[in-house]
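Atoms considered below: every heavy atom in the structure, side chains included; atoms not considered: hydrogens, waters and symmetry mates.
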Amino acid sequence: MTPNVADPVYLNGRYLPLAEAGVSPLDRGFLFGDGVYEVIPVYSRRPFRLDEHLQRLAATLAGVRLADPLLVDGWRDIVFRLIAAAPWEDQSIYLQVTRGVDDKRDHPFPPASVSPTVFAFASPLVTAPAELRVTGVAAITVPDLRWSRCDLKVISLLANVLARQQAVDQGCAEALLIRDGTLKEGTASNIFVVKNGVLLAPPKTQLMLPGITYDVILELAAAHHQAVAVREIAEAELRAADEIWMASSTKEVLAITTLDGQAVGNGRPGPLGERMWQWYQDFKTTVMRKT
Ligand code: PDD
């Protein structure tokens with residue numbers, strides 16, 4: 001086992017050590033990036049919003065015309081078996097499906113006799129350490145060079161990878177993607193903005209991944225009577241924000257306190273972000289008590 005991947009992993013119906021899990025180099029995930037994925041956070045060995053993650057996986061599979069290789073119960077079984085076998089209480093479960101292994105490299109779909117490759121594993125969940133919650137993180141803005149179906153959670157992530165590395169090269173945690181003058185999301189997170197006490201969120205379109213954490217945040221805002229506007233956010237508004245947050249299954253809610261070298265608001269995590277982080281923690285605890 002590597003320190004970051006538990007044994008066993010799941011591959012095409014079998015549970016086996018990572019060191020014994022192999023995929024053909026003709027796999028279409030390897031040749032074309034032709035596949036989809038999902039990342040599910042696990043707290044105290046309980047998957048968070050599992051049904052919603054599996055629904056998004058099903059929607060992405062349908063969106064790329066890849067037949068779902070498993071029924072919902074099959075996915076649930078894999079998730080629970082990986083969780084039980086992994087050594088950590090808090091985990092992240094990775095699920096991936098590719099269009100399988102053909103006997104040649106050819107762009108059109110392989111014949112129906114080719115079955116998809118299904119791979120899944122558990123990792124430790126690495127949320128933001130307390131120090132980062134106190135300082136917030138730095139981000140840059142970059143043009144969004146991705147394709148036009150960013151609502152699908154596909155493994156072809158080269159544009160995200162390049163943008164994220166650009167951020168890392170500049171000592172930043174995230175790159176915010178700007179398309180047609182508006183904020184879409186981060187390379188691996190959704191982005192929220194606070195201005196004059198109103199929480200602004202970009203709308204769910206084909207140009208943004210519909211985040212599960214995004215939904216939780218909007219539900220928590222509604223439950224606490226927080227003013228919200230779901231609408232396009234102009235780049236100029238982003239730069240004039242009082243607060244900016246990134247949100248994802250692994251980062252939860254994290255303040256961005258520097259954008260392109262400029263302080264966001266007063267340069268420290270803002271009050272609404274801190275409240276949202278607490279609401280999120282309380283909500284997790286409530287959910288975990290229930291299940
Ligand atoms: N990324 N937008 C993008 C482009 C993402 O890749 C992610 C998640 C999100 C947030 O979605 P959610 O709240 O459902 O995690 C938004 C995962 C964590 C990843 O690629 O590792």
Side-chain angles (χ1 to χ4, degrees), residues 37-60 72 75-76 79 83 89-95 123 125-130 132-133 136-137 139 150-153 173-174 176 183-194 197-205 207-231 233 241 243-256 269-291:
Y37 76 108
E38 201 40 70
V39 178
I40 305 161
V42 174
Y43 300 106
S44 305
R45 295 190 184 272
R46 292 188 174 99
F48 186 65
R49 295 238 151 167
L50 178 57
D51 292 347
E52 289 81 354
H53 280 279
L54 293 180
Q55 279 160 19
R56 185 171 64 184
L57 177 62
T60 294
V72 169
W75 285 116
R76 293 179 67 89
V79 168
I83 291 173
E89 291 297 298
D90 291 355
Q91 307 172 18
S92 110
I93 298 292
Y94 180 84
L95 307 176
S123 293
L125 183 69
V126 185
T127 52
L132 280 191
R133 291 210 320 277
V137 296
C150 302
D151 56 322
L152 301 174
K153 202 162 172 60
E174 184 56 299
L176 310 196
L183 166 69
K184 293 301 169 220
E185 58 183 327
T187 65
S189 60
N190 289 112
I191 305 296
F192 291 84
V193 165
V194 178
V198 180
L199 178 61
L200 305 177
K204 287 185 188 174
T205 67
L207 299 178
M208 182 187 100
L209 187 80
I212 307 298
T213 318
Y214 170 101
D215 284 342
V216 174
I217 287 175
L218 290 184
E219 287 171 29
L220 289 172
H224 291 88
H225 309 291
Q226 165 60 44
V228 172
V230 176
R231 61 160 174 82
I233 300 169
E243 300 181 32
I244 303 175
W245 318 332
M246 54 189 283
S248 77
S249 292
T250 50
K251 294 290 167 298
E252 300 186 333
V253 189
L254 185 59
I256 293 173
L272 185 52
E274 296 199 328
R275 280 205 294 281
M276 183 56 76
W277 183 84
Q278 192 56 55
W279 294 338
Y280 198 89
Q281 303 311 311
D282 295 346
F283 179 72
K284 272 181 358 193
T285 316
T286 313
V287 169
M288 288 182 307
R289 261 193 242 114
K290 265 196 217 139
T291 51

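- Classification of Arg56 and Asp151 as a salt-bridged pair fails, no side-chain N sitting under 4.0 Å from a carboxylate O.
- Salt-bridge check for Lys153 with Glu38: failed, with every basic side-chain N at 4.0 Å or more from each acidic carboxylate O.
- Contact of the Leu183 side chain with the Leu200 side chain is not registered, since no non-hydrogen atoms from C-beta on lie closer than 4.5 Å.
- The main-chain N or O of Ser249 is found under 3.5 Å from a side-chain atom of Thr213 such that the two form a donor-acceptor pair.
- Here the side chains of Thr127 and Lys251 are not in contact, with every heavy-atom distance at 4.5 Å or above.
- Side-chain contact between Phe48 and Ile212 is absent, with no heavy atoms from C-beta onward closer than 4.5 Å.
- Exactly one of Glu252, Arg49, His53 qualifies for a side-chain contact (heavy atoms from CB on, under 4.5 Å) with Pro41. That residue is His53.
- Side chain of Gln91 to backbone of Ile83: a donor-acceptor contact under 3.5 angstrom is found.
- Pairing each heavy atom of Val42 with each of Leu125, the nearest pair is O-CD2, 4.1 Å.
- In terms of heavy atoms, Lys204 sits closest to Asp215 at NZ-OD1, 2.8 Å.
- Taking all atoms of both residues into account, the shortest heavy-atom contact from Gly136 to Pro269 is N-CG, 3.9 Å.
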Donor-acceptor list for residues 273-280 side chains, cut-off 3.5 Å, not counting sequence neighbours:
| residue | atom | partner | partner atom | Å |
| --- | --- | --- | --- | --- |
| Gln278 | NE2 | Asp282 | OD1 | 3.0 |
| Trp279 | NE1 | His224 | NE2 | 3.4 |

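- In terms of modelled atom types and a separation under 3.5 Å, the side chain of Thr285 and the main chain of Gln281 share a donor-acceptor contact.
- Closest of all the heavy-atom pairs between Ala247 and Ile217 is CB-CD1, 3.5 Å.
- Between Leu218 and Val228, some side-chain heavy-atom pair lies under the 4.5 Å cut-off.
- Residues passing the ring-ring contact (aromatic ring centres under 6.0 Å, His included) test with Tyr37 are Tyr94, sequence neighbours excluded.
- No hydrogens or angles considered: a donor-acceptor pair under 3.5 Å links the side chains of Thr187 and Glu174.
- With salt bridges taken as basic N to acidic carboxylate O contacts below 4.0 Å, one links Asp51 and Arg76.
- Of the possible polar contacts, none joining the Ser44 side chain to the Arg46 backbone as a donor-acceptor pair under 3.5 Å is found.
- Side-chain N or O atoms of Asn190 include none that pairs as donor or acceptor with a backbone N or O of Tyr214 at under 3.5 Å.
- Of the possible polar contacts, one joining the Gln226 side chain to the Gly197 backbone as a donor-acceptor pair under 3.5 Å is found.
- With hydrogens and angles ignored, the 3.5 Å screen pairs no side-chain donor or acceptor of Arg231 with any backbone N or O of Pro202.
- Considering CG of Asp90 and OG1 of Thr250, their distance stands at 12.5 Å, rounded to 0.5 Å.
- Taking the side chain as every heavy atom from C-beta outward, Val79 and Leu50 approach each other to under 4.5 Å.
- With a 4.5 Å cut-off on side-chain heavy atoms, Val216 and Leu220 count as touching.
- Side-chain contact between Ile244 and Ile191 is present, with at least one heavy-atom pair separated by less than 4.5 Å.
- Interatomic distance, Lys184 NZ to Cys150 SG, rounded to the nearest 0.5 Å: 9.5 Å.
- The side-chain heavy atoms of Ile256 and Trp245, taken from C-beta on, include no pair separated by under 4.5 Å.
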